[in-house]
Structures are given as C-alpha cells and as structure tokens.
Amino acid sequence: MRIATWNVNSLRSRIDRVEAFVQRHDIDVLALQETKAREEQLPLMGLQALGYDIAVAGLNQWNGVALLSRVGLEDVQVGFEGMPTWGDPAAEEARAIAATCDGVRIWSLYVPNGRKPDDPHYTYKLDWLARLRETARGWLDTPTAMVGDWNICPTDDDVFDPAQFAKSTHVTPPERAAFQGFLNDGYAEVTREHAPGYTYWDYYRQRFERDRGLKIDFVVASPSLASRVTGAFIDRDERDPAQGTGSPSDHAPVVVDLG
DNA sequence: ATGGTTGAAGGTCAA
C-alpha cells in the first residue's frame, strides 16, 4: 500500500496537480491539509472517477483536511477526543480527520501553526499536541499512522537557518518536546531515514530555488505499522513552479510505501 | 523591524 501526505494550500486551486500526482505515483491513500474549502465547493468528480473514496472536513479558508482512498474508507471521524479548538470550534475541527483504509487507521493532521511564541495561538498549538498525544496512546496497539503538517522542525537539520528561526515557532524546545513525546510513547517517524530533506519552502524570496526550506511534514506510525515501511520519498517536483500545471503549493508531498 | 508571495468567505487575515 502506498500512502501520501500533502499540504496542498487550497484543493480548488490545486485540483489538476492532485489528480496528476495520484496517477503519476499510483497513490492508494492521500491525506491532504489546508484544503481551504467546504465539501460542496470542491471539484472532486475527477478524483472519484479515478476510483477514490473521499472524506473531507472544512468550513473556512484557512484549515481543512481530507482523505482520499481507493483501498477502502471506513469509520470516518472528524477531530479527536477532547481536541482543543481556536476561534470557531466547528471550523477548527477541520484540523484532523481519520479513516480506516485496508486495515490501517490513518489520521490526516494539520497541527496549529502557533504564529509566534508569545501568541496565544502558540499555547493552543501545545495544548492541541498534548491532547493528541494522550489520545494517541490508546492507538499504539493498532496499525495507526498520524500523517500531515506537524508545523514542527524536530531537529536543527530540519531548518535551513536555525539562527534565523531562533525566536520563531516550529523550533522551540516545547514544540520539539511535544513531537518527541510521541516517539517516547512508542511511535516512530518513518519517512526521515528514507527521505531526507525539506518538505516546505516559503513562497517568499525564491526559497525553493535556493533550497532554503523546513522539514515539517511527517508520518508518525505505530510499531506494527512502522515495521511494514519499505521506503519513502519527497516529490520535490510538485513544489517546482517550473513543473506541472498552475502554481505549486508551498509544501511537497511525502510518499510512504508499506509492505 | 520590515518585507517578500499565495490563497480565501479578500477589501484583511493566515500562512
């Protein structure tokens, strides 16, 4: 089974790229973040025609997550138990959606950005991660993957210029501790060893062209699922303005293969 | 400190 995660930064503006991507790489399950649309706004017929069942959550122009699967899409769940919210709770539910696909419980996650370390949104981010961790302890014994945009650089190698980010979110010790907590509990991040390199490059200042990016998109797997991973890669071509149809997302997709 | 770019329910906010 081949799983992918991609922060698309608007599914409507990226629909042609998404359809081409799933075909080019023969994707079985695709988790999307920042879809930025309600279901009725989305042109999904093309993906359905390609054989995908689709579950989406999203009410506003900032969040929104989705799952596409051609190997089953059962027990869809929006949000997790006790998930903290920000602003309009109904809109913020669209940071997490889960479904069981061919026996694997897959969560598409869009972790809160945090904005600035002194912003209340940063506290919300840490609360959100803490609550996810508590809930996820209960999933360790089942094949589970938490995939998506974690908005955390777990190490300095995941930042093009750590000094520049010294006073920014994504690299602070509490955020890194939050990520490490999942690993301490027994989960494994399964993409890094197969797919080094960044997954996000800011639109500003030709960051992609100069490879000045961040590694913030991860696949965090329970032990039984982690043992099935045979490979992973980052599709940098999808971040390349010179390739594909229309403008790219600021994130590249991450693909994982399961044996 | 500011600005650079992209997307959306835009004439601003979030990333």
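Below, chains carry the letters A, B, ... as their sequence lines are ordered, and counting in each starts from 1.
- Inspection of the A/Y124 and A/N113 side chains reveals no N or O donor paired with an N or O acceptor under 3.5 Å.
- Rounding to whole angstrom units, CG of residue A/D240 and P of B/dT6 are separated by 14 Å.
- Straight-line distance from the CG atom of A/N9 to the C1' atom of B/dA14: 10 Å, rounded to whole Å.
- In the region residues 158-167 of chain A, proximity to DNA chain B at under 4.0 angstrom, judged on heavy atoms, holds for none of the residues.
- Across the protein-nucleic acid pair, A/Q41 atom CD and B/dG7 atom P stand 16 Å apart, rounded to whole Å.
- A heavy-atom distance below 4.5 Å is found between the side chains of A/I15 and A/L47.
- Counting any heavy atom pair closer than 4.0 Å across all strands shown, A/R14 reaches sugar-phosphate atoms only and no base atom.
- Using a 4.0 Å heavy-atom criterion, one finds that A/D202 contacts no nucleic acid atom at all.
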**OP:** Evaluate salt bridge (Lys or Arg N to Asp or Glu O under 4.0 Å) for A/K167 paired with A/D118, printing each intermediate quantity in order.
**Re:** CA-CA 10 Å; A/K167 294 180 179 175; A/D118 61 356; over 6 Å; no
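- Here the closest non-hydrogen pair linking A/R207 and A/Y204 is CG-O, 3.0 Å.
- A/Y204 contributes a side-chain N or O that forms a donor-acceptor pair with the base of B/dT5 under 3.5 Å.
- Nucleotides of DNA chain B nearest to A/W62 and A/K36 differ in position, and the one nearer the 5' end is that of A/K36.
- Here A/I216 lies out of heavy-atom contact (under 4.0 Å) with every strand.
- Rounded to whole Å, the P atom of B/dT2 lies 26 Å from the corresponding atom of B/dG7.
- Of all the residues in residues 107-115 of chain A, A/Y110, A/N113, A/R115 reach under 4.0 Å from DNA chain B with at least one non-hydrogen atom.
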Original post:
Stepwise, does the ring pair (Phe, Tyr, Trp, His ring centres under 6.0 Å) test hold for A/W86 with A/H121?
Top reply: CA-CA 8 Å; A/W86 175 269; A/H121 203 266; 4.8 Å; yes
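- A gap of 15 Å separates the C1' atoms of B/dG10 and B/dA15, to the nearest Å.
- Between the A/T172 side chain and the A/T169 main chain, no donor and acceptor come within less than 3.5 Å of each other.
- The distance from atom CG of A/N63 to atom C1' of B/dA8 is 12 Å, rounded to the nearest whole Å.
- Taking the ring centroids of A/F80 and A/W139, they lie at or beyond the 6.0 Å cut-off.
- Contact between the side-chain N/O atoms of A/R239 and the OP1/OP2 oxygens of B/dT6 is not found at any separation under 4.0 Å.
- B/dT6 atom C1' lies 10 Å from atom OH of A/Y200, rounded to whole Å.
- If you check B/dA15, B/dT5, B/dA8 against the side chain of A/H121, the one that comes closest is B/dA15.
- The NE2 atom of A/H251 sits 12 Å away from the C1' atom of B/dT6 (whole-angstrom rounding).
- Nearest heavy atom pair, residue A/D202 against residue A/R239, reads O-NH2, 3.4 Å.
- In this structure, the nucleotide among B/dT6, B/dG7, B/dA9 sitting nearest to the side chain of A/S13 is B/dG7.
- Contact check, A/S247 against B/dG7: a side-chain N or O comes under 4.0 Å of OP1 or OP2.
- Taking atom P on both B/dA1 and B/dT5, the two are 23 Å apart, rounded to the nearest angstrom.
- Residue contacts for A/E34: at a heavy-atom cut-off of 4.0 Å it reaches the sugar-phosphate backbone alone, with no base atom in range.
- A chain of hydrophobic side-chain contacts below 4.5 Å, direct or via other Ile, Leu, Val, Met, Phe, Trp or Tyr residues, connects A/W128 to A/W107.
- Comparing atom distances between the A/Y203 side chain and each of B/dA15, B/dT5, B/dA9 picks out B/dT5 as nearest.
- Look at CD on A/Q61: it is 9 Å from P on B/dA14, rounded to the nearest Å.
- Panel note: side chain A/W62, backbone A/K36; no donor-acceptor pair is recorded below 3.5 Å.
- The other members of the hydrophobic cluster of A/I216, by chain and number, are A/V159, A/F160, A/F165, A/V171, A/Y198, A/Y200, A/W201, A/F208, A/L214 (side-chain heavy atoms under 4.5 Å, ILVMFWY only).
- In this structure, A/N60 places its CG atom 13 Å from C1' of B/dA15, rounding to the nearest Å.
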